[in-house]
Amino acid sequence: MDNIQLIILDAQKEIEQVSSKAVLTQIRARYLGKQSPFNSLLSQLKSLPNQQKAEFGKKLNLAKVELNRIFDEKFNFLTDLEIQKKIEEEKIDISLPGYKLERGSKHPCQLIIDQIEDFFLQRGYIVKQGSDVELEKFNFEFLNIPKDHPSRDMQDTFYISDDLLLRSQTSGMQAHTMQEKNGIGPIKMICPGKTYRRDDDRTHSHQFSQCEGLVISEDCNLACLMETLTEFLQFIFGKNRQVRFRPSYFPFTEPSIEADVSCFECNGKGCDLCKHTGWIEVLGAGMVHPNVLRLNGFDSNKYQGFAFGVGIERLAMLKYGVDDIRKFFNNDIAFLKQFSKEN
Ligand code: DAH
């Protein structure tokens, strides 16, 4: 066995025993660095006869290449071991209980809006979105409420300028929708949104939400409106609620009606909640006034329509038994949390 082979054998023995990359690097430096035993063999090269020189040089180089390969192999092996160990140590213990995620819940008014949309989308209505800031014309004039009409008193609101205000009702969306359609029906839409009035007590607030509904076609009539509203109110409050209609007045509908549901508390017998009438008023509605059709570009001889407007907080107060409208705006977590099971 020549010296070169002996060096490789020695190195192999050391490499086999080593189990740390740092020590392996030191050994490698010893065998292949400046002080390497191969270098001292190289100095013998000069004294060899010419024809053996090339052969010896070649052997020496091959030996170095081989040794490098052995070192690399062991280095990679030790790296793999390290990774393996790390993976084992880092194992996630899935038996630990997780952290509980705090989950919010939908606001009760949003729950009611979702239910309203559910009901009307199934019946082919579209949902429109208006803006809180409205032109005075759309809030009043296009709805057959000219300037100085006494009904404006009940809907005094916040004016931004003489002709711009915070809308006091979602009914303005009737006018917008009709004008967009350029006199061509049919229309079936609802529009939930915020409204504002000069009001403040347990059941009225300066800010509240309504949902408007409008249907325009050549053949809809009061019976369609009453059927739609009866089904709608029973969808919201349950099949056991009875629904009744009373004549009423709104400038934009003729005839106008109001809908009541039988009292939840006393089931119609009479109690404080229903002011001993057995009924609770829930919404206003009617057949679209021919003036409103004409003012918004529809031929009142060809088309007729019905409309309704319902207070969202009012529905929520009745459905969930809330006694003060201000609770919807106070952001009291204890109050809001009670609705999480409804989500
Ligand atoms: N806008 C009315 C209000 O705020 C509610 C209403 C009544 C809307 C009758 C309608 C309707 O569309 O036909 O009191």
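Counting starts at 1 for both ligands and their atoms, in listed order.
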Near [X], which atoms of ligand 1 are under 4.0 Å from a heavy atom of that residue?
| X | answer |
| --- | --- |
| Ala307 | 12 (O), 13 (O) |
| Thr253 | 13 (O) |
| Gln210 | 3 (C), 4 (O) |
| Gln155 | 3 (C), 4 (O) |
| Gln174 | 12 (O) |
| Gly286 | 13 (O) |

[atom]: which protein heavy atom is closest, and how many Å away?
| atom | answer |
| --- | --- |
| atom 12 (O) of ligand 1 | Glu212 OE2, 2.5 Å |
| atom 2 (C) of ligand 1 | Gln169 OE1, 3.7 Å |
| atom 11 (C) of ligand 1 | Phe252 CE1, 3.5 Å |
| atom 14 (O) of ligand 1 | Arg197 NH2, 3.7 Å |

Under 4.0 Å, heavy-atom basis, I'd like to know which part of Phe308 is in contact with ligand 1: side chain, backbone, both or neither.
backbone
For ligand 1, note which part of Ser171 has a heavy atom under 4.0 Å away: side chain, backbone, both or neither.
side chain
List the steps and the verdict of salt bridge (Lys or Arg N to Asp or Glu O under 4.0 Å) for Asp114 and Lys106.
CA-CA 10 Å; Asp114 287 353; Lys106 279 190 187 166; 2.8 Å; yes
His289: heavy atom below 4.0 Å from ligand 1, yes or no?
no
Any atom of ligand 1 sitting under 4.0 Å from a heavy atom of Met154?
no
Is the closest side-chain heavy-atom distance between Thr228 and Phe306 below 4.5 Å?
yes
First locate atom CE of Met226, then atom CZ of Arg244, and finally report the distance between them rounded to the nearest 0.5 Å.
12.5 Å
Have His276 and Asp272 got a donor and an acceptor in their side chains that come within less than 3.5 Å?
yes
Could you tell me whether the side chains of Ser168 and Arg197 share a donor-acceptor contact shorter than 3.5 Å?
no
Within a radius of less than 6.0 Å around CD of Gln52, do more than 12 heavy atoms belonging to other residues, nucleotides or ligands occur?
yes
Pair Thr79, Lys21 - check side chain to side chain contact (heavy atoms under 4.5 Å, CB included), show working.
CA-CA 8 Å; Thr79 307; Lys21 272 161 72 174; 3.3 Å; yes
Quick one: are the ring centres of His176 and Phe138 less than 6.0 Å apart?
yes
Examine Phe38 together with Tyr31 and report whether their ring centres are nearer than 6.0 Å.
no
Which heavy atom of Ile280 sits nearest to which heavy atom of Cys274, and what is that distance?
CG1-CB, 4.0 Å
Does ligand 1 come near enough to Gly284 that some N or O of the ligand is less than 3.5 Å from an N or O of the residue?
no
